Amino acid sequence: MLNLVPSEPGQPRGQDLLTGLNASQAEAVANITGPLLIIAGAGSGKTRVLTYRLAYMLRNGVAPQQILALTFTNKAAQEMKERIGHLVGEQTARAIWAGTFHSIFARILRQYAERIGYTPAFTIYDTDDQTAAIKAVMNQLGISQQVLPPSGVRNRISSAKNTMMSWQEYARSAKSVVEQQTGQIFEQYERRLRQSNAMDFDDLLNATIVLLRDNPDVLATLQDRFRYIMVDEYQDTNRSQYTVISMLAARHGNLCVVGDDAQSIYRWRGADIRNILDFERDYPKATVVRLEQNYRSTKTILAAAHSVIKRNSGQLKKDLWTDNPEGEKITVLACRDDREEAEMITRTIRSRMASHNYSPKDVAILYRTNAQSQALEDAFRRSNMAYHIVSGVSFYKRKEVKDTLAYLRILVNPDDSESILRVINEPARGIGNTSIERIQQYAAQNNLSFFAALNQIDRIPLMQGRTIKAVSDFMSIINRHRELINELSPASLAQAYIEATGLPQMYKLQQSEDSLDRWNNIERVLDHIAEQQELNDELTLVTYLEQISLISDTDDPQMGSNRISMMTMHAAKGLEFPLVVIAGLEQGLFPLAKAEQDPDEQEEERRLLYVGITRAREQLVLSYAEQRYRFGEITFSRPSMFLAEIDKDTIAPSGRSMTGTTVTQQRPQKAPFQPTQGRVPQRPSAVEHNEYSQIPMPKRYTSASQPKNRNVPSAGTPSMRVGQRVKHPMFGPGTISAISGAGQNEKATVLFDNGQRKQLMVAFARLEIIG
DNA sequence: ACTTAGTAAATTCTC
DNA sequence: TTTACTAAGT
């Protein structure tokens, strides 16, 4: 910890913080009043500058409570808090308001919920909840989901909200039929969420704007509380975020924004690059500091990155340079297919680790889409290399976990219709679709929330006696436990309540391996609540649920473990590794097919590649495959246009081998690759990696334990093999032409004698062995 | 009302 | 390859 003894009066304190910084870094740190724009090139020590700047402020008399630091990911917020903690002590660091836009504003909104017509227990809807609400609304309006896909509606509504457009404005400007219908759905969607006492992610920002706009006293309070505001990744802010920031900073004007327009990669979710481009116009008195010295990468890597990004138009002027050595040239791996690509990547990584003494945590593989991790995982598992995947299927997206959380949400906010609908018949209670339809209709007609309608179940027409009984039993579980909210701790309440719903029992009784894992996952959620309660004795179910809603898949606690990382380039933002591999540089994949036509999209893809390249400190490897499995089918593609854009001088020459694949030149002193030689076998790591906090990854889904051997029948059904004659009750006799999957997922492709070809699940289809 | 079998569709990225 | 929805069967 640095010393906090005040220095001579009249002179700024904390000069010691400035030593060891370059001139522009020091300027950024010492400039704590007034508007400040920091243009921070990749690897220019941005995080260091930000944390030092905060420390400098604290040293000069700013109270930690007066500082608001906004980031985009929990990861970034976490890292910032930690590093400030080292500088000024944890106590002080904790008092700073640092977090994501969404989490900070959720916190503020809970405090003032009544002012905008919500209760403090409002639910935060994630993407799935939104889609569910939209489907329900479309149903109600009689709009077909075939004609108008709900996900598209969701996207249009979200982008409208990102630009702070109300449903009235949207409906007014709607031209096409699609837009008009979206307008109708938008209106009902907004009504439904309000009735559910729920907000989606976009609402968290827009509701804050409304709160500040309509309540001058709240605005004044918050402006005075947050006298110093700092925004990271400013190039990724959208209209709403921009507006909130402007409102909060209007009084004191101590606004510091940091960003790099070259790294703007979230246009698709409403990020408006103009926010950073126009900062100087918005704040004419702004100081502008450019951090242009890169401390991260070799000259070669920086040159490659520059040769790519210079093709984009409309950049803020900046010249990134480095004192670092020239470094090694970039390797390009040309591969036949995705499988070979994965193999070559593992081989390349293995040999570089040996020759450069890298440990696994020094290496990252980056790709455009999450689906690409599959082939890589297989290859890594085969060669026993420790890896972990950032993101992937989150623990919280599993059905049983979502159901459990839905039950808990109902407890704190019974008006949450989406959650009730999710679990009202889970486990089956005899409340079927027909009844639910009727209740929904009644709710809509009488302008009630679903829960309120359930309370009047005996007044709803056409209800069967049995259904009424089932509904009142369901209601009594909820009501009984609602009365205990102030009696019991969150953990014990959750425990008793979830037990009472019968959800865990349902899985436990099924006794299949699958359902036992699900039961286990429910237990893990309950354990997790207990753990969190231990850590924070002020924990409530409301704050717990909020915390869960706002974490993301990139918040990976295993980051520190010594493994090779695999992630999307989006997830890699802000990270750095000595050795970086970027896979799948193919036309149609990177850039994505839909970007090929649209120049704006193409520029965004190019920025994404720029982000990817600049993650590398010493070595960069790029790869592409001529064909790969996509949507379960082989597709062919040409190398990415981006490969041709990279300065040739930065790329190592390569030679074509007989097989048509490229073998990069081996460095002379290095021995040829030897498979798994001298390696201590390690357990495949995917099994252990967890998504967040103390919740371990469930065994199921990740149990890569049984390798998926194609064309090899699983042990349970030894007689299913290619060429086997079988008989199906409906399709008649036929011959198995292919087998895929294993165990429960084993599928047989059967060519029936009548000429039909079908893919059947072996476990379900009643295939009879004949011949 | 619920289960099951089969088909269709989806796969970008995040809070 | 996996999931999500629909239609038919129990």
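By convention in this document, chain letters (A, B, ...) are assigned in the order of the sequence lines, proteins followed by strands, and residues within each chain are numbered from 1. Bear in mind the structure is a predicted one, so any value in this text is a computation, not a measurement.
- Taking atom CZ on A:F105 and atom P on B:dT14, their separation rounds to 21 Å, with Å as the unit.
- The residue among A:R368 and A:S549 whose nearest nucleotide of DNA chain B is located toward the 5' end is A:R368.
- Between the side chain of A:E604 and the backbone N or O of A:R267, at least one donor-acceptor pair lies under 3.5 Å.
- The environment of A:N433 atom CG is sparse: at most 12 non-hydrogen atoms of other residues, nucleotides or ligands sit within 6.0 angstrom.
- Within 4.0 Å (heavy atoms only), A:D202 reaches no atom of the nucleic acid at all.
- Atom P of B:dC13 sits at a distance of 16 Å from the matching atom of C:dA4, rounded to the whole Å.
- Atom pair A:D128:CG and C:dT3:P shows a separation of 13 Å (rounding to whole Å applied).
- Side-chain atoms of A:S435 lie closest to B:dA1 of the nucleotides B:dT12, B:dT14, B:dA1.
- Computed from coordinates, the A:Q372 CD to B:dT12 P distance equals 12 Å when rounded to whole Å.
- Ring-to-base geometry places A:W268 in a stacked arrangement with B:dC13 (centre distance under 5.5 Å, plane angle under 30°).
- Atom C1' of nucleotide B:dC13 and atom CD of A:E233 are separated by 14 Å, given to the nearest angstrom.
- Note on ring orientation: taking the six-membered ring where Trp is involved, the planes of A:Y266 and A:H570 are tilted (angle from 30° to 60°).
- Listed pair A:T127 / B:dT14 fails the phosphate criterion, with no side-chain N or O lying under 4.0 Å from OP1 or OP2.
- Residue A:F101 is classed as having no contact, given no heavy-atom separation below 4.0 Å to the nucleic acid.
- A:R154 places no side-chain N or O within donor-acceptor distance of the main-chain N or O of A:T127, the cut-off being under 3.5 Å.
- OP1 or OP2 of B:dC13 has at least one side-chain nitrogen or oxygen of A:N370 nearer than 4.0 Å.
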Might you list the N or O atoms of the protein lying below 3.5 Å from N or O atoms in nucleotides 5-8 of chain C, with each pair's distance?
unit_1	atom_1	unit_2	atom_2	d
C:dC5	OP1	A:K135	NZ	2.4

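- Here the C1' atom of nucleotide B:dA1 and the CD1 atom of A:I431 are 12 Å apart, to the nearest Å.
- The number of heavy atoms from other shown groups lying within 6.0 Å of CD (A:Q505) is above 12.
- Between A:T434 and B:dA1 there is a side-chain polar atom (N or O) within less than 4.0 angstrom of OP1 or OP2.
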Before you tell me yes or no, could you show the steps for A:S240 and A:T243 under side chain to side chain donor-acceptor pair (under 3.5 Å), namely the whole-Å CA-CA distance, both residues' side-chain angles and the distance that decides it to 0.1 Å? CA-CA 5 Å; A:S240 307; A:T243 307; over 6 Å; no
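- Counting heavy atoms from C-beta outward, A:D236 and A:S264 have side chains that approach closer than 4.5 Å.
- Here the side chains of A:I548 and A:L405 are in contact, with some heavy-atom distance below 4.5 Å.
- A:D378 and A:R382 are not joined by a salt bridge, as no carboxylate oxygen comes within less than 4.0 angstrom of a charged side-chain nitrogen.
- Taking atom CD1 of A:I424 as the reference point, atom P of B:dC2 lies 11 Å away to the nearest angstrom.
- The backbone N or O of A:L575 sits less than 3.5 Å from a side-chain atom of A:R615, completing a donor-acceptor pair.
- Distance A:R630 CZ to C:dT2 P: 17 Å, rounded to the nearest Å.
- Distances shorter than 4.0 Å separate none of the side-chain N or O atoms of A:N74 from OP1 or OP2 on B:dT14.
- Looking at the side chain of A:R154, the nearest of the listed nucleotides B:dT12, B:dC2, B:dT14 is B:dT14.
- When the C1' atom of C:dT1 is taken as reference, atom CD of A:E377 falls 13 Å away, rounded to whole Å.
- Contacts of residues 581-607 of chain A with DNA chain B (heavy atom under 4.0 Å): A:L592, A:K594.
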